S.K.: 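Got a structure for you, written out below as structure tokens; questions coming shortly.
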Amino acid sequence: MESNMPIAAGMHVLPALPYPTNALEPIIDAETLTIHHDKHHKKYVDDLNSAELALESARRQGDYRFIRYWEDALAFNGSGHILHSVYWRCMAPRGTGGEPGQYTARYLDWYFGGLEQFKAQFVAAANAVEGSGWAILGYNPAFFRLELLQAEKHQNLTQWGLMPILVCDVWEHAYYLKYKNDRAAYIDAWWTIINWNDVEERFIKAAQGVVRLD
């Protein structure tokens with residue numbers, strides 16, 4: 001999903017993991033990562049493609065009897081695909097993810113009062129997601145700044161135009177094999193494998209041409 005080329009309807013592909021399936025152990029075990037990526041994420045991609053092709057067919061035939069179903073599938077699976085693609089890349093093997101980059105750190109200081117205050121809000125938001133969902137740090141070009149939000153499922157409770165920068169998946173399939181129902185323990189451990197280098201790069205790309213970074 002890093003290319004600037006437009007993706008034709010039904011042509012989304014599952015991105016490869018940027019590390020081996022055992023690279024995030026002991027925080028995330030290889031079995032969980034494999035199932036999460038190869039099964040769950042792949043299904044979002046497959047269902048997104050199905051929704052796009054069904055809507056393409058509906059446009060050709062002028063038949064919109066099932067528009068509500070396919071639009072819902074488009075939003076749910078498209079959002080799931082996007083967020084998971086960010087999720088894999090915003091993690092790194094323990095000890096290799098670095099520290100917040102200069103631009104990320106500057107904005108975390110300015111808006112959240114520093115890394116520790118941001119972490120406290122992020123962890124609280126992730127723990128408080130009702131049911132399945134995400135904690136999302138994103139860049140909102142309408143506000144010219146970073147924003148921290150929750151998402152129910154994949155697509156609810158977001159803001160229009162938000163570009164995900166750092167995301168934590170708190171659907172149970174992301175942690176249940178190792179952490180059972182202890183979401184808080186998973187989130188605390190997950191914090192140690194954040195790939196801050198990727199966060200910095202993603203933030204700069206999102207803000208480029210919108211805000212001054214110098």
Side-chain angles (χ1 to χ4, degrees), residues 1-7 12-25 27-28 33 36-37 41 44-45 48 78-123 125-126 133-151 154-155 158-170 174 187 189-214:
M1 295 185 69
E2 296 299 316
S3 171
N4 290 329
M5 295 297 295
I7 300 173
H12 299 279
V13 297
L14 179 69
L17 289 170
Y19 34 69
T21 55
N22 64 351
L24 303 181
E25 290 185 341
I27 307 305
I28 298 178
L33 192 63
H36 194 174
H37 176 267
H41 189 176
Y44 297 130
V45 173
L48 171 61
S79 297
H81 176 38
I82 291 168
L83 289 173
H84 277 94
S85 298
V86 176
Y87 179 67
W88 308 130
R89 298 186 66 85
C90 74
M91 298 185 290
R94 198 169 187 176
T96 68
E99 299 293 331
Q102 61 172 320
Y103 299 125
T104 302
R106 183 186 303 174
Y107 270 73
L108 293 183
D109 286 344
W110 173 73
Y111 188 68
F112 294 98
L115 178 61
E116 289 306 310
Q117 291 90 329
F118 165 72
K119 177 183 177 181
Q121 184 179 340
F122 190 98
V123 169
W134 301 74
I136 302 173
L137 175 70
Y139 180 75
N140 192 325
F143 298 163
F144 307 104
R145 60 169 169 78
L146 296 170
E147 184 69 278
L148 175 54
L149 296 166
Q150 299 170 318
H154 302 304
Q155 76 278 30
T158 58
Q159 290 176 343
W160 294 113
L162 192 78
M163 303 176 186
I165 303 298
L166 171 67
V167 301
C168 180
D169 190 345
V170 294
I187 295 168
W190 177 87
W191 190 265
T192 68
I193 56 171
I194 292 175
N195 185 353
W196 289 107
N197 298 317
D198 181 73
V199 173
E200 176 82 347
E201 180 182 356
R202 197 173 297 278
F203 174 40
I204 290 173
K205 286 181 178 179
Q208 194 170 34
V210 182
V211 297
R212 290 191 58 175
L213 292 173
D214 54 8

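The structure presented is a predicted model; accordingly, all values stated were derived computationally and were not measured. In what follows, residues are counted from 1 in the order of the sequence shown.
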S.K.: Nearest 0.5 Å, what's the CG-CG distance between Leu149 and Leu162?
M.R.: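 So the CG of Leu149 and the CG of Leu162 are separated by 5.5 Å.
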S.K.: Under the side-chain hydrogen bond (donor to acceptor under 3.5 Å, both in side chains) rule, collect the residues that match up with Asn197, sequence neighbours excluded.
M.R.: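 Applying side-chain hydrogen bond (donor to acceptor under 3.5 Å, both in side chains) to Asn197 gives none.
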S.K.: side-chain contact (heavy atoms from CB on, under 4.5 Å) with Tyr111: which residues, sequence neighbours excluded?
M.R.: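 If we apply the side-chain contact (heavy atoms from CB on, under 4.5 Å) test to Tyr111, skipping adjacent residues, the hits are Arg145, Glu147.
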S.K.: To the nearest 0.5 Å, how far apart are OG1 in Thr96 and CG in Asn195?
M.R.: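 Interatomic distance, Thr96 OG1 to Asn195 CG, rounded to 0.5 Å: 6.5 Å.
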S.K.: Checking Gln150 side chain against Ala135 main chain: does a donor-acceptor pair fall under 3.5 Å?
M.R.: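 No.
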S.K.: Taking only residues two or more places apart in sequence or in another chain, which ones pass side-chain contact (heavy atoms from CB on, under 4.5 Å) with Ser79?
M.R.: His154, Gln155
S.K.: Are any non-hydrogen side-chain atoms of Leu83 and Asp169 less than 4.5 angstrom apart?
M.R.: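 Side chain of Leu83 against side chain of Asp169, heavy atoms only: no contact under 4.5 Å found.
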S.K.: Please report the interatomic distance CD(Gln102) to OG1(Thr104), rounded to the nearest 0.5 Å.
M.R.: 9.0 Å
S.K.: Please round to the nearest 0.5 Å and tell me the distance separating atom CG of Asp198 and atom SG of Cys90.
M.R.: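 Spacing of CG (Asp198) from SG (Cys90) equals 6.5 Å.
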S.K.: Does CD in Glu99 sit with more than 12 non-hydrogen atoms of other residues, nucleotides or ligands closer than 6.0 Å?
M.R.: no
S.K.: Holding to side-chain hydrogen bond (donor to acceptor under 3.5 Å, both in side chains), I want the full list of residues that pass it with Trp190, two or more places apart in sequence or in another chain.
M.R.: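 Once residues adjacent in sequence are excluded, Trp190 has no partner under the side-chain hydrogen bond (donor to acceptor under 3.5 Å, both in side chains) criterion.
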S.K.: So, taking the atom named CG in Leu108 and the one named OH in Tyr103, what distance separates them when rounded to the nearest 0.5 Å?
M.R.: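 So the CG of Leu108 and the OH of Tyr103 are separated by 14.5 Å.
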S.K.: Please give me the minimum heavy-atom distance between Ala206 and Ile165, naming the atom from each residue.
M.R.: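 Heavy atoms of Ala206 and Ile165 come nearest at CB-CD1, 4.0 Å.
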S.K.: Of all residues at least two apart in sequence or in a different chain, which pass the side-chain contact (heavy atoms from CB on, under 4.5 Å) check with Ala23?
M.R.: Tyr19, Pro20, Pro93
S.K.: Can you list the residues that meet the ring-ring contact (aromatic ring centres under 6.0 Å, His included) rule with Phe112, with sequence neighbours excluded?
M.R.: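 Result, ring-ring contact (aromatic ring centres under 6.0 Å, His included) vs Phe112: Phe118.
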S.K.: Minimum heavy-atom separation for Tyr87 to Ala174, with atom names?
M.R.: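 Here Tyr87 and Ala174 meet closest at OH-CB, 4.2 Å.
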S.K.: Could you tell me which residues satisfy side-chain hydrogen bond (donor to acceptor under 3.5 Å, both in side chains) with Asn140, sequence neighbours excluded, listed by chain and number?
M.R.: Gln159
S.K.: What I'd like to find out is whether the side chain of Val167 reaches to under 4.5 Å of the side chain of Leu137, using heavy atoms alone.
M.R.: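 They are not in contact (no side-chain heavy atoms under 4.5 Å apart), so the answer is no.
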S.K.: Output all residues satisfying side-chain contact (heavy atoms from CB on, under 4.5 Å) with Val170, sequence neighbours left out; order by chain, then residue number.
M.R.: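 Result, side-chain contact (heavy atoms from CB on, under 4.5 Å) vs Val170: Ala126, Val129, Cys168, Arg183, Tyr186, Ile187.
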S.K.: Using ring pair (Phe, Tyr, Trp, His ring centres under 6.0 Å) as the criterion, point out the one residue from His84, His37, His12 that pairs with Tyr44.
M.R.: His84
S.K.: Counting C-beta onward and ignoring hydrogens, is there a side-chain heavy-atom pair between His36 and Trp88 closer than 4.5 Å?
M.R.: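 Yes, side chains in contact.
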S.K.: For Glu200, enumerate each residue passing the salt bridge (Lys or Arg N to Asp or Glu O under 4.0 Å) test, keeping only those at least two apart in sequence or located in another chain.
M.R.: none
S.K.: Could you tell me which non-hydrogen atom of Ser85 sits nearest to which non-hydrogen atom of Pro15, and how far apart they are?
M.R.: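 Heavy atoms of Ser85 and Pro15 come nearest at OG-CG, 3.7 Å.
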S.K.: Anything under 30° is parallel, anything over 60° is perpendicular, the rest tilted; go ahead and classify Tyr139 against Phe203.
M.R.: tilted
S.K.: Start with the C-alpha gap between Ile194 and Met91, add the side-chain angles, then the distance that decides, and say whether side chain to side chain contact (heavy atoms under 4.5 Å, CB included) holds.
M.R.: CA-CA 5 Å; Ile194 292 175; Met91 298 185 290; over 6 Å; no
S.K.: Dump the intermediate steps for side chain to side chain contact (heavy atoms under 4.5 Å, CB included) on Val45 and Val13, then the final yes or no.
M.R.: CA-CA 6 Å; Val45 173; Val13 297; 5.5 Å; no
S.K.: Please tell me if the side chains of His41 and Leu14 come closer than 4.5 Å, counting only heavy atoms from C-beta onward.
M.R.: yes
S.K.: Which pair of heavy atoms, one from Arg202 and one from Pro164, lies closest together, and at what distance?
M.R.: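 Minimum heavy-atom separation between Arg202 and Pro164: CD-O, 3.1 Å.
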S.K.: Flag the pair Leu148 / Ile136 as yes when at least one side-chain heavy-atom distance between them is below 4.5 Å, and no otherwise.
M.R.: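 In short, these two side chains do not touch, never coming nearer than 4.5 Å.
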S.K.: Would Ile27 and Arg94 count as a side chain to side chain contact (heavy atoms under 4.5 Å, CB included) if you check the C-alpha gap in whole Å, the side-chain angles of each, and the deciding distance to 0.1 Å?
M.R.: CA-CA 8 Å; Ile27 307 305; Arg94 198 169 187 176; 3.6 Å; yes
S.K.: To the closest 0.5 Å, what do you measure between CZ (Arg89) and CD (Glu201)?
M.R.: 7.0 Å
